[in-house]
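Reviewing the structure listed below.
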Amino acid sequence: MSVELSKQFNPAEAQKRWYTHWESEGYFHSQKNPDRDAFSVVIPPPNVTGALHMGHALNGTLQDILVRFKRMQGFETLWIPGTDHAGIATQAMVEKRLREEENKNRHDLGRDALVNRIWQWKDHYESRILNQLKQIGCSCDWQRTRFTLDDDCARAVRETFFSLFRDGLIYRGKRLVNWDPHLQTAVADDEVTHEKIEGSLWTFRYPIADSKNHILISTTRPETMLGDTAVAVHPEDERYKHLIGSHVILPLQNRSIPVIADPILVKREFGTGAVKVTPAHDPNDYQCGQRHHLPMINILNTDGSINEQGGPYQGLDRYEARKQIIEDLKELDCVEKIEPYETEVGHSDRSKTPIEPYLSDEWFVRMSDLAQSAMDAVTNGTVELFPERYAKTYLDWLSEKRDWCISRHLWWGHRIPIWYCSTCTESDLKKIFKDSSRVTWNYDENKKQWLISSLDDLSPDALGPDHKLDRDPDVLDTWFSSALWPHSTLGWPDNTDDLDYYYPTNVLVTSRDIITLWVARMVITGLYNCKQIPFHQVYIHPKILDGQGRTMSKTRGNGVDPLNIIQKYGPDALRFSLAHLTTEQQDVRLPVSYECPHCGSLLPQQSEHQELRVINGRKPYLNCSKCKEDYQPSSPNFDPDPDMPIGILVSERFELGRNFANKLWNASRFLLMNLENYTPEPFLVSELPLEDRWILSRLTECCHQVTEQLDQYRFSEATRTLYDFTWNEFCDWYLEIIKPRLQQDDQSLAQNVLAGSLDVLLRLLHPFIPYVTEEIWNRLNQVAKQRGLESPFDHSEAIIIASWPQMPAEWRDQQAETDLFRIQEMVTNIRNIRARFQVPQQTKVSLHLRCSQADIPHLIQSSGHLEKLARATLNRDHIGPEVTRPTATASFTLPGMEGHVPLSGLIDLEAERKRQEEQKTKIDARIQGANKKLSNPNYTNKAPQSVVQQTRDRLADDEKQRDIIITLLEQLSSN
RNA sequence: GGGCGCUUAGCUCAGUUGGCUAGAGCACCAGCUCGACACGCUGGGGGUCACAGGUUCAAGUCCUGUAGCGCCCACCA
C-alpha cells in the first residue's frame, strides 16, 4: 500500500482538518492526574482592545512550542487561555468609536449603557482573539478560557482587596497623580511616556511687597502661576538671601506669597535662581509644599480647564489660559523674556494627551513589605528569569517600593469594594455587621468618614434608614486583576484541586515591557494570597518591530494581523519562521508589504499606510501601481468592507518556514512512495551500512540538541538545528544516498531505517510545525503503523500525543561521521570540477584516486555513492598508493588523498593550473600561520594541549596537500 | 541624567564559557525539467566582525574609551 501526496503541501487543508480533530479528541484538555507531573502555563491575557498582531503571534507560538514539547514528554500539560479587560485602553477605544460614529461622549450614554457597549465590544474582540490563537495552532485548554472581568476573577479581586485592606496594606490618600484630562482619570507612572516638546522658558517679574523691586522667576508652565503659593530661592544664594521671609505679590491674582528657602527644589545655576512654587500642580513643588506646609491651590477642573480658583480665567482650557495669561502679563509689564526651550512633557500612554500633575483622592497599595518579598523570590532563585539580565529590570523597579496607585476614574473594570459612611459610629457598624469576618472598616480622619470594605456588595440601606452608605464610584487598575491571573484562573480563593496540582505554574512567557507592571505584581500577589510564587521561570521573548523599527501596537496602527501571514504562507510557516527569529539578544524587525489582490504585486508598507484611518465613514483605499486597480489595505484601524478586495500584508521572512514545511512534505512524499511492501522488522544499529549509521548518529545528535535547546528557551537555535539536519543532512545527503537501495530487491532494511528515522524527525518537529507533521504522521500510520529504530512498535493515532524521542547516546558513531564526511568532501570536489569545466549533467566521469592502502576497502565500498552523487566511476584499477595522474585532468586534493578526473577535450589546462595556484597560495598562508604559532613557546606552553595538537594535525594535513599540489603544478606546466 | 541592549556579507540576522580557515536565509552570478521538492537541485562570488586603545600565546568573543541606533527608568522650574 502506498499513499499519494500532492506535490505541494497545502497548509489550509491540514489546518482545517487537524485543529478540529485535536480539539474534538480532547487533546488540549487537562485535568489533575496523580500519575503524572503537571506542566502548566497561563497565557498573558491579550487586551480586548483589538485584534492580535504579530507580537501576540510570537508569544502564542513560543508557548505552544513549549506546551506541545512538554505534552509529548509525558507531563500532564495545561495551558490556560483568556483575555484581559484592559480598563483604560478598552474604554478609550469604545469612547473613541462612540465619538467618531455617534458624536456622543460617555456622559450622554450613562454608566450602565456605556459598560454595556464595552461588553459588546469585548465579546466581539474576545472571539476574534481566541480565533486567532486557534489559527496559530495554540493548544490551549479552551474549556478553561477566562476573562479578567468574569465572576471568578471578580471574586479573587474582591478577596484580595479585602484582605489587603484589612491588613492595612491598602489606604486612601491625597496624592499628586498623573491626570489624563482627556480620559479624566489618573494614570499610573508606568502609563506615562515622556516626550520632548519644543516649548519656551518664560521669565516673569513678580513684584516684591512694599518695595519697588521685583524678583525674576522662570517657568515652562505659565498658567500654573494661578496656583503659586510661594517663591523659592536657595538659602545660600547671595542674590536673594535678603529676601527670604519677605513676600511677593503674585501678579494677576494679587495674592501675597512668601519667599522661602529650599535647597532641594532650587538649583542656583538654573534660570534666575528663583522658582515659583505650585504645590498642587508639580511633583517637585508638591514635595516642597509639604516641607514648608504651603497651601495647595488646585486651579484645574478634571477636564483640564481652569476652575474657580483661576478668577477671570475660569473655564478656559489650560493652553488657552496660558496664552491669555502671557498676554495679560505683558500688559502689566511683567514679562522679562521668552526663550525657546526644549522640555520633556509627560503624555498619557493611552490617550496621547499631556498629563497634568493633579491633586486627587486615590487608593494605594503599600508596597514596602510586598515588594521585598517579590525581590527575595528572584534574588534567592525561586523565580528564574530568562535571559538572566532581566532580573535587573525587575529588581531595580521593585527596590523603589513605590506605593501602587490602584484606583482609576473609569467605568470599565472591577469596582472598588469600598463603601463610605459619614454619619454612623463604630458601634453602629459593630452592631450591624456583628462579628462578620466578611466586612472590615477603618476611619478616615481627614475626610471624617468610615471606609468600609466588604466581600459582599452592600446595599445603600445596609446601615438602616438613618445612615447613608455610598459606594466608591471608581474602579481598580487593570493590573490589579491581571496580577492575580495565575491563581485566580486555577480557582483561588477556593482551595481547589487545580490549585494544588497546577500551582505554581512552570513558566511565564511574555515580553519585556511588562516585567514590572505585570510580572512583578503577579509574584507579589501570588506570595500574598497563596504563600507561593506564581511560576518557576519567566521567559522574556523579543519584541516584533515594524519595518521602521517601532514596536507593534494597537494605538499606532502598525500591527500586522497574523491571519494575513497564515493566509499567505500557512500556520506552520508562521510558527517556524517566528521561532527561527527568536534569539536572545535582538528584537525582530519585520518589514511588510501589501499584496495587490488583483495582480499580486507588492507595495512596501510605509508610515503613511499605518496612519490610514476611516474618514467621514469612508474607508481608505490603495491603488496598485502596476494594474491600477483599487483595493483596501489590511489594517488594524478598521474592518474592511465585505465586498472589497483586500490587500493583505505579506513578508518574505516567512518564506523560510513555508519552504521548509514544503521540503519536509516532499521528503516524506518521496519516502511514502517508496514504502510499498513495507514490513516492519527489527535491526541492530551497529550492523547497519555506513550511511544508515551516519544518519542515525546525526539524528541522535540533533535530538539531544533540540531537547536541550528547548529546555533553555533557545528557540532560534532549535529551529536551526532542525532545519540543518532535515535539509542538509537528511534530504541532501541521506535520501540521495539511499535512493539506489530503495530500487533493489532487498529494500526492506532501508525502508525500516527510513520509516524509523522520519518518525523521530517528525516528532522533533511537531512542536514547531504541528500541522504538516500531523498530516504526514497520519499518512505514515497508514502504511507503516508499526515502525521504529531497532524494534518496531505501534505508534499513536496522532503525533500530538506521541512521545518525545529519546535516542541512546551509543548511536552516536564518530567513525561513521568521519567516513561519510570524507565521501561528502570527495563528492563536492568532483561536483566542483564538473561545474567549473561545464561537464554535462549526463556525462559520467572517471575518478583516479591516489590514497593509502588502508583506505582502499571502504572507498571501494563507497564507490556507489560517488557514482550516484557525483556521476563519477571509481574503477578498482584506479585506486591506491601507486595511482598516477593521467594527462588532461582536473584534480583535487584532500589530506592524504589526491583525486584526478580525466577531462580530455573539456579541460582548460591553463585554468586548472591557475586554480591549483590559488589553492596553493591559500594553503601556504595557513602553513605559515601555523608554523608561526607553533614556533612560539608561549603558545605551545600556554594553550591547551588539545588546541596545540589540533594546530599540528592541521599543519600536517596542509603540508601533505601542499606537496601534492606542487607535484600537480609541475605536471601541469609540463603537459 | 541612570540602566539595558545593539552596531558582523547588498538586506535580515546567527556566532553558548576567548581557539574561527567568521556562518545562515534572502538577494546576486553560472549551470540544471536527473520521476520527492523550481516553495527545488548543483556549483560560485561577496565581510580589515562600527571606530580607537588595552589584556592575552590567541579577541567577532573579555576590559576601557569614542560615535551612532533602540528600549526602559528618572524631579530638573
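Each chain gets a letter, A, B and so on, in the order its sequence line appears, and its residues count up from 1.
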key: P gap between C26(B) and U42(B), integer Å   = 12 Å

query = Is it true that the side chains of Thr951(A) and Tyr939(A) contain a donor and an acceptor less than 3.5 Å apart?
reply = yes

message = So, OP1 or OP2 of C71(B): does either fall under 4.0 Å of a side-chain N or O from Arg589(A)?
response = no

ask   = Out of U21(B), A36(B), G19(B), which has the shortest distance to the side chain of Pro944(A)?
value = G19(B)

ask   = Which whole-number value in Å describes the distance from Asp396(A) CG to G2(B) C1'?
value = 10 Å

Salt-bridge contact Arg836(A)-Glu912(A) (side-chain N to carboxylate O under 4.0 Å) = yes

note = Here the distance between atom C1' of C71(B) and atom CE of Met552(A), to the nearest Å, is 16 Å

salt_bridge(Asp262(A), Arg291(A)) N-O dist < 4.0 Å = yes

inquiry  = Expressed as a whole number of angstroms, how long is the span from Tyr734(A):OH to C41(B):P?
reply    = 19 Å

query = Hey, is the main chain of Ile299(A) close enough, under 3.5 Å, to the side chain of His281(A) for a donor-acceptor pair?
reply = yes

query = In whole Å, what is the span from the CG atom of Asn936(A) to the P atom of G19(B)?
reply = 18 Å

key: Base orientation of C73(B), syn vs anti, 90° cut from 0   = anti

message = Checking Lys276(A) against Ser218(A): is there a side-chain donor and acceptor pair closer than 3.5 Å?
response = no

task = Report the nucleotide, chosen from C4(B), A77(B), C37(B), that has the shortest atom-to-atom distance to any side-chain atom of Arg389(A).
result = C4(B)

ask   = Do the rings of Tyr713(A) and Tyr539(A) sit parallel, tilted or perpendicular, given the 30° and 60° boundaries?
value = parallel

query = Would you say a side-chain N or O of Lys739(A) is under 4.0 Å from OP1 or OP2 of A36(B)?
reply = yes

message = Can you identify which nucleotide, out of U12(B), G19(B), A36(B), has its nearest atom closest to the Arg653(A) side chain?
response = U12(B)

query = If you find the nucleotide of RNA chain B closest to Ala274(A) and the one closest to Ser668(A), which residue's nucleotide is nearer the 5' end?
reply = Ser668(A)

ask   = How is Val266(A) classified with respect to the nucleic acid when contacts are heavy atoms under 4.0 Å: base, sugar-phosphate, or nothing?
value = base

key: Among A36(B), C41(B), A77(B), the one nearest Val275(A) by side-chain distance   = A77(B)

query = Is it true that Lys568(A) and Glu652(A) make a salt bridge, defined as a side-chain N closer than 4.0 Å to a carboxylate O?
reply = no

request  = Can you tell me the distance, in whole Å, between the CD atom of Glu736(A) and the C1' atom of G43(B)?
outcome  = 16 Å

ask   = For atom C1', what is the distance between U16(B) and C39(B), given to the nearest Å?
value = 32 Å

note = With the side chain defined as heavy atoms from C-beta on, Val947(A) is closest, among G19(B), A36(B), G15(B), to G19(B)

Proximity to the side chain of Asn284(A) - top-ranked nucleotide from C75(B), U16(B), G40(B) = C75(B)

query = Where the side chain of Arg714(A) is concerned, which of C73(B), C37(B), U16(B) is the nearest nucleotide?
reply = U16(B)

ask   = Side chain of Arg954(A): nearest nucleotide among C37(B), U21(B), G19(B)?
value = U21(B)

Presence of Arg831(A) side-chain N/O under 4.0 Å of G43(B) phosphate oxygens OP1/OP2 = yes

Lys/Arg N to Asp/Glu carboxylate O, Glu918(A) vs Lys920(A), below 4.0 Å = no

message = Within the 3.5 Å criterion, strictly below it, is a donor on Gln945(A) or Gln949(A) matched to an acceptor on the partner's side chain?
response = no

request  = Give a yes/no on whether any side-chain N or O of Asn666(A) is located under 4.0 angstrom from OP1 or OP2 of C39(B).
outcome  = no

task = Return the value, rounded to whole Å, for the distance between atom CG of Asp513(A) and atom P of C71(B).
result = 12 Å

inquiry  = Would you say Lys392(A) places a side-chain N or O within less than 4.0 Å of OP1 or OP2 belonging to G5(B)?
reply    = no

query = Is Thr828(A) touching bases, backbone alone, or none of the nucleic acid, heavy atoms closer than 4.0 Å?
reply = sugar-phosphate

ask   = What is the distance from CG of Leu735(A) to P of G40(B), rounded to the nearest Å?
value = 16 Å

inquiry  = Does Thr219(A) reach a base, just sugar-phosphate, or nothing at all? Heavy atoms under 4.0 Å.
reply    = sugar-phosphate

request  = In whole angstrom, give me the gap between the P atoms of C51(B) and A67(B).
outcome  = 16 Å

message = Would the distance check show the side chain of Arg831(A) and the main-chain N or O of Leu869(A) forming a donor-acceptor pair, the cut-off being under 3.5 Å?
response = yes

inquiry  = Any donor-acceptor pair, under 3.5 Å, between the side chain of Lys663(A) and the base of C37(B), if you only look at N and O atoms?
reply    = yes

task = Could you run through nucleotides 24-32 of chain B and give me one letter per nucleotide, 5' to 3': B if any protein heavy atom sits under 4.0 Å from the base, S if only the sugar-phosphate is that close, - if neither?
result = -SS-----S

request  = Classify the nucleic acid contact of Leu590(A) as base, sugar-phosphate or nothing, counting any heavy atom under 4.0 Å across all strands shown.
outcome  = nothing

inquiry  = Could you tell me how far C20(B) sits from A74(B) if I compare only their P atoms? Round to whole Å.
reply    = 45 Å

Enumerate, atom names and distances included, each donor-acceptor pair closer than 3.5 Å involving a side-chain atom of residues 653-662 of chain A, sequence neighbours excluded.
from	atom 1	to	atom 2	distance (Å)
Arg653(A)	NH1	Arg589(A)	O	2.7
Asn659(A)	ND2	Glu655(A)	O	3.4
Asn662(A)	OD1	Asn666(A)	ND2	3.3

query = So what stems show up for RNA chain B if we need 3 or more Watson-Crick or G-U pairs in a row, all under 3.5 Å?
reply = B:1-7 with B:67-73, B:10-13 with B:23-26, B:28-32 with B:40-44, B:50-54 with B:62-66

message = Please confirm whether the shortest side-chain N or O distance from Thr583(A) to OP1 or OP2 of A14(B) is below 4.0 Å.
response = yes

task = Considering just the side-chain nitrogens and oxygens of Trp727(A), establish if one lies under 4.0 Å of OP1 or OP2 belonging to C41(B).
result = yes

Under-4.0 Å salt bridge between Glu775(A) and Arg779(A) = yes

ask   = With sugar-phosphate meaning primed atoms plus P, OP1 and OP2, does Asp732(A) contact a base, only sugar-phosphate, or nothing at under 4.0 Å between heavy atoms?
value = sugar-phosphate

request  = Report the distance from atom CD1 of Ile540(A) to atom P of C4(B), rounded to the nearest whole Å.
outcome  = 17 Å

